[in-house]
Amino acid sequence: MLENPYDPKTIDAAAQELWERLGVHRFDAAGSAEVFAIDTPPPTVSGSLHIGHVFSYTQAECIARFQRMRGKNVFYPFGFDGNGLPTERLTEKEHGVLGRSLPRPEFVALCLATTRKYEAQFEALWRRLGVSADWSLTYSTIDERCLRISQRGFRDLFEKGEVYLKTSPTLWDTETQTAVAQAELEGKEKRTLFSDLRFDLVDGGSLTIATTRPELLAACVAVFVHPGDERHKALAGRHARVPLFGHEVPVKNDEKVDPAKGTGVVMCCTFGDKTDVEWYQKHGLPLRQAIAADGKMTEAAGPEAGLYANQARKAVLERLKAAGHLLASREIDHVVQTYERTGREIEFLPTRQWFVRVLDKKVDLIRLGEEVRWFPAHMGKRYKNWVEGLEWDWCISRQRFFGVPFPVWYCEGCEAVRVAEDQELPVDPTTRSPAGPCTACGGTRWRPERDVMDTWATSSETPQINARWGEPAGLPRSPLPMSLRPQAHDIIRTWAFYTIVKSWIHHRAVPWRDAMVSGHVQAPGKQKISKSKGNAPSDPNDLVNEHGADAVRYWALSATLGNDYVYSAEDLSRGRALGVKLWNAARLAQQHLKDFVPGRDEPAEPLDRFMRARLHATCRAVTDDLEAYEFGTAKGKVEQLFWNDLCDNYLELIKGRLHDARPERAQARRAAQAGLFDALSTIVRLLAPFVPHVCEAVWQDLFAAPLATPSVGRAPWPVAPEGWADPLAESQGATALALLTAVRRWRSEQKLSPGVPLAEATLEVGSALAPHVAAVEADVKAALRVGALAVRADPTLAPDALRLLSARALPSGPA
RNA sequence: GGGCGCAUAGCUCAGUUGGUUAGAGCGCGUGCUUCACACGCACGAGGUCGGGGGUUCGAGCCCCUCUGCGCCCACCA
């Protein structure tokens with residue numbers, strides 16, 4: 001195979017076929033080796049496969065390969081997140097339908113088809129990139145096992161009293177018409193009118209409130225002032241009449257009023273913002289709902305009924321102006337909370353939802369977060385920061401269609417909640433009734449819960465899904481806690497957080513020991529990649545077609561864990577060049593190892609031992625880096641070992657011996673062969689987690705048979721023996737390199753071709769180099785093509801300095 | 001306003017516990033078709049490590065401060 005030119009397409013396909021055939025990446029369910037279990041992120045089936053996916057998945061994948069070579073029994077599943085709103089929206093877009101306008105089964109079927117289609121695309125790309133997942137462990141968050149475990153999770157929460165049903169003002173998206181969670185909010189800066197409105201007091205006089213939401217006047221239920229605000233001391237306890245709508249509302253004191261904002265007088269509506277919700281509950285205010293679930297004004301809004309909130313805002317301002325109640329109006333920029341999936345402003349609607357208790361667990365959740373080892377460490381602070389800032393329990397019910405149903409019915413007689421028994425799972429309560437009558441009232445008529453769960457309610461159970469929590473024995477499963485959670489930093493507040501919440505409630509333990517958190521890919525110029533800007537780099541499939549899987553991996557692994565990374569086509573080229581270089585070095589090795597007998601000879605010459613010393617140092621450093629998930633620096637060190645130490649230096653220095661056919665030099669030649677074999681077989685293994693395809697090709701042709709290891713993917717991770725460390729050989733090597741550089745520089749200055757042999761060169765060297773010249777002279781002379789090397793020590797030079805006094809080229813060849 | 005991170009060669013980035021002339025790749029200059037490789041080889045140019053102050057015998061690394069950039073959170077009065 002190595003006779004052919006380097007061709008990633010052929011190499012990639014051959015390596016992937018081999019891995020599949022040998023089952024190199026299979027988890028050994030019966031194995032006794034230590035398990036390394038990876039909680040792979042199940043990507044959302046959102047329709048767009050982009051370079052960001054490749055980036056973070058490759059980084060974790062490299063760790064899987066490393067741990068497998070270290071002898072660990074690697075549990076590396078793949079998962080797909082088909083659940084939820086992203087899939088629904090994609091399906092709606094692709095089919096030009098609206099979920100709520102179709103019969104539910106029909107829409108769910110469409111969603112399933114969409115999911116399958118994109119799952120296949122994702123899997124194809126991951127396989128092409130050489131992702132070493134055990135595909136037999138694959139799950140999809142909408143398959144039966146995930147449904148069952150997700151519902152089992154809910155049952156556990158219910159039995160432990162950690163989930164509750166509550167009717168209260170809830171974060172609501174008016175486009176998708178569902179409740180959402182705090183973690184799904186996104187602040188957006190918007191320009192709006194900030195208006196001063198005159199309210200007349202019932203007993204005479206007036207007050208002025210400032211608001212950005214005049215359309216909520218119809219929902220105004222109170223007016224608040226700060227108790228310490230001297231300007232408004234006389235207001236509290238009196239009543240004001242709401243302009244246009246005429247109802248009377250009390251004026252009350254509350255510490256939460258900021259006297260410095262607006263006029264220091266604020267109206268409370270049900271509901272404009274979170275403070276309104278708090279005041280509504282704290283002061284026992286009545287409910288006046290002016291906005292409906294679809295974002296349109298209700299009948300309570302009078303003439304504005306049926307308008308969207310932003311339309312109503314303009315209309316109300318017009319009417320206020322006409323009525324003389326609009327005193328002032330100015331434009332301000334302020335941040336409003338929107339739903340991240342639709343970009344629409346969040347409303348607060350009183351609805352009945354299921355909540356998971358999290359606010360009462362902040363202390364435990366922070367402590368648990370501290371038990372996890374975060375890489376890089378500062379990502380742990382982001383988690384802590386989020387937990388500390390929590391203000392709502394986790395709302396897990398969604399008024400949507402495609403998702404895991406709640407395994408819940410309500411008794412028509414007494415409203416008792418019935419949760420399905422474990423053996424009934426998975427269950428769709430809309431198609432089945434519970435067994436037996438209501439235990440509370442004996443009723444037999446049930447109303448199913450029609451909501452589905454938040455996507456995160458299922459994906460937060462990925463450790464349990466991988467562990468087949470509560471499932472019958474027999475199938476391969478992960479231990480808990482898992483070893484590693486790889487993910488990107490933008491979902492610390494969701495995926496990482498919710499997973500820790502569930503793990504705490506279910507098991508009182510961390511879900512995984514380590515979390516490696518990757519950064520984001522940025523477009524050239526450090527721009528955020530966005531569809532609207534159209535600055536996304538090429539489709540990953542095109543990149544693999546063009547440069548090969550190893551080059552794409554190389555790029556992703558050039559980053560530092562946790563840091564954002566700018567996409568660069570140049571790095572892809574460099575990755576490809578590395579493949580070419582390794583391919584060619586292997587060809588050279590193959591040529592010189594034809595008559596090599598492994599294990600017969602030691603790489604005993606000084607420069608052979610020098611190469612071993614370099615291998616020793618690099619193996620240790622690279623292993624430490626990878627243990628700490630520092631794949632970028634690890635890759636750099638291996639690359640330097642390969643390109644500089646091996647190719648540029650060692651190979652050049654032993655070529656003379658490798659070509660020397662004289663019988664008296666046979667021993668020296670065999671030592672060079674042994675050195676070459678050691679070096680290349682070690683380096684190929686060190687490179688394998690990064691660029692596995694070309695490494696596998698080289699391994700097959702050179703090392704699989706002699707080392708009796710059928711795939712580099714299962715080759716033992718190189719741990720260079722202590723004996724390879726060799727300070728003397730390092731000094732000798734340094735001397736050889738100094739001599740090489742000096743003569744090369746002279747050649748360059750003389751503008752001589754390196755091919756022109758030199759008759760002789762005379763040098764002076766410092767005291768640190770002088771003792772080692774003799775040991776390396778033969779190899780150096782051969783590498784430099786110099787006939788005679790006259791070297792003398794000069795005590796006046798710095799110890800490691802060197803000076804070339806003269807050199808003489810041979811007369812050019814016989815013309 | 002709160003939290004976190006980043007600021008090192010033209011570009012993209014490394015710099016381990018503070019220690020001699022600060023590194024890499026790309027790009028750039030010069031020379032080379034040298035029997036593995038021109039996706040290559042050799043040699044070279046290029047940085048007052050964002051500004052200021054401090055600790056230290058010594059700071060790119062530690063402390064303070066300022067500036068710029070990014071992300072997260074809060075801010076719907």
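Note on naming: letters A, B, ... go to the chains in the order of the sequence lines (proteins, then strands), and numbering restarts at 1 for each one.
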Show, in sequence, the C-alpha distance, side-chain angles and deciding distance for D595(A) and Q673(A), and conclude whether the side-chain hydrogen bond (donor to acceptor under 3.5 Å, both in side chains) test is met. CA-CA 9 Å; D595(A) 60 339; Q673(A) 288 179 309; 2.7 Å; yes

Side chain of T633(A), heavy atoms from C-beta onward: which of rG44(B), rG15(B), rC76(B) has the nearest atom to it? rG15(B)

Quick one: W746(A) CH2 to rA42(B) C1', roughly how many Å, whole number? 14 Å

What nucleotide among rC71(B), rG15(B), rA36(B) has an atom nearest to a side-chain atom of H489(A)? rC71(B)

Assign Q591(A) to base, sugar-phosphate, or nothing according to its heavy-atom contacts below 4.0 angstrom with the strands shown. sugar-phosphate

Paired to rG70(B) by Watson-Crick or G-U wobble criteria (both distances under 3.5 Å) is rC4(B)

For H592(A) and H659(A), take the angle between the two ring planes, folded into 0 to 90°, and tell me which bin it lands in: parallel under 30, tilted 30 to 60, perpendicular over 60. perpendicular

Between rA36(B), rA42(B), rC76(B), which nucleotide gets closest to the side-chain atoms of S748(A)? rA42(B)

Heavy-atom nearest nucleotide on RNA chain B taken for I346(A) and for L588(A); more 5' hit belongs to L588(A)

Distance-only donor-acceptor test, K381(A) side-chain atoms vs rC4(B) base atoms, 3.5 Å: no

Note: for H592(A) and Q182(A) on RNA chain B, the residue whose nearest nucleotide lies more 5' is H592(A)

Does rC41(B) have OP1 or OP2 under 4.0 Å away from a side-chain N or O of K581(A)? yes

Counting any heavy atom closer than 4.0 Å, what does T741(A) reach on the DNA or RNA strands: base, sugar-phosphate only, or nothing? sugar-phosphate

L739(A) CG to rC43(B) C1', straight-line distance once rounded to whole Å: 17 Å

When we call it a touch if two heavy atoms are under 4.0 Å apart, what does V265(A) touch: a base, just sugar-phosphate, or nothing? nothing

Let me know the distance between CG of L561(A) and P of rC13(B), rounded to the nearest Å. 15 Å

Partner of rC76(B) by Watson-Crick or G-U wobble geometry, both contacts under 3.5 Å, or none? none

Classify the nucleic acid contact of D490(A) as base, sugar-phosphate or nothing, counting any heavy atom under 4.0 Å across all strands shown. nothing

To the nearest Å, how far apart are L646(A) CG and rC37(B) C1'? 13 Å

For R344(A) and T174(A), run side-chain hydrogen bond (donor to acceptor under 3.5 Å, both in side chains): C-alpha distance rounded to whole Å, both residues' side-chain angles, the deciding distance at 0.1 Å, then the answer. CA-CA 7 Å; R344(A) 272 213 202 173; T174(A) 56; 3.1 Å; yes

Tell which nucleotide pairs with rA42(B), taking only Watson-Crick or G-U wobble pairs whose two distances are both under 3.5 angstrom. rU30(B)

Over 60° means perpendicular and under 30° means parallel, so classify the ring planes of F55(A) and W555(A), tilted if in between. tilted

Which nucleotide in the set rA36(B), rG40(B), rG2(B) lies at the smallest distance from any side-chain heavy atom of N385(A)? rG2(B)

Can a side chain N or O of N563(A) be found less than 4.0 Å away from OP1 or OP2 on rA14(B)? yes

Rounded to the nearest Å, what distance is computed from the CD1 atom of residue I291(A) to the P atom of nucleotide rC76(B)? 16 Å

Exercise: do H693(A) and D550(A) side chains pair donor with acceptor under 3.5 Å: yes

Between rC37(B), rC76(B), rA74(B), which one does the side chain of V580(A) approach most closely? rC37(B)

Between C1' of rU12(B) and CD1 of I51(A), the distance in whole Å: 15 Å

Among rG40(B), rG44(B), rU34(B), find the nucleotide with the atom closest to the side chain of R745(A). rG44(B)

Whole Å only: how far is the CZ atom of R574(A) from the C1' atom of rA24(B)? 9 Å

Do the side-chain N or O atoms of R382(A) get closer than 4.0 angstrom to the phosphate oxygens (OP1, OP2) of rG3(B)? no

Closest to the L651(A) side chain, choosing from rG70(B), rC43(B), rA36(B): rA36(B)

L197(A) and side chain to side chain contact (heavy atoms under 4.5 Å, CB included): which single residue from V316(A), I209(A), V242(A), L207(A) fits? I209(A)

My understanding is that a pair needs two contacts under 3.5 Å, Watson-Crick or G-U wobble. By that rule, which nucleotide pairs with rC37(B)? none

Is G272(A) touching bases, backbone alone, or none of the nucleic acid, heavy atoms closer than 4.0 Å? base

Watson-Crick/G-U partner (both atom distances under 3.5 Å) of rG58(B): none

Nearest-nucleotide pick for R785(A), side chain only, options being rG3(B), rC39(B), rC35(B): rC35(B)

Is T560(A) close enough to rA14(B) that one of its side-chain N or O atoms is under 4.0 Å from OP1 or OP2 there? yes

Identify whether NZ of Lys or CZ of Arg in R576(A) sits under 6.0 Å from the centre of the six-membered ring of W583(A) and within 45° of that ring's axis. no

Among residues 333-343 of chain A, which ones have heavy-atom contacts with RNA chain B below 4.0 Å? H334(A), V335(A), V336(A), Q337(A)

What does W374(A) touch in the nucleic acid at a heavy-atom separation under 4.0 angstrom: a base, only the sugar-phosphate, or nothing? nothing

What distance, rounded to whole Å, do you find between the two C1' atoms, one in rA38(B) and one in rA45(B)? 22 Å

Atom CH2 of W643(A) to atom P of rC39(B): distance rounded to whole Å? 11 Å

Any K655(A) side-chain nitrogen or oxygen under 4.0 Å from OP1 or OP2 of rA36(B): yes

Ionic contact status for E630(A) with K635(A), cut-off 4.0 Å: no

Looking only at the side chain of H378(A) (C-beta and beyond, no hydrogens), which of the listed nucleotides rC39(B), rA36(B), rC4(B) gets closest? rC4(B)

Report the relative orientation of the aromatic rings in W394(A) and Y498(A); use parallel for angles under 30°, tilted for 30 to 60°, perpendicular for over 60°. parallel

For a quick check of understanding: with a heavy-atom distance under 4.0 Å over all strands, which category does Y6(A) fall into, base, sugar-phosphate or nothing? nothing

Steps toward side chain to side chain contact (heavy atoms under 4.5 Å, CB included) verdict (W374(A), V372(A)): CA-CA 6 Å; W374(A) 298 84; V372(A) 172; 3.8 Å; yes

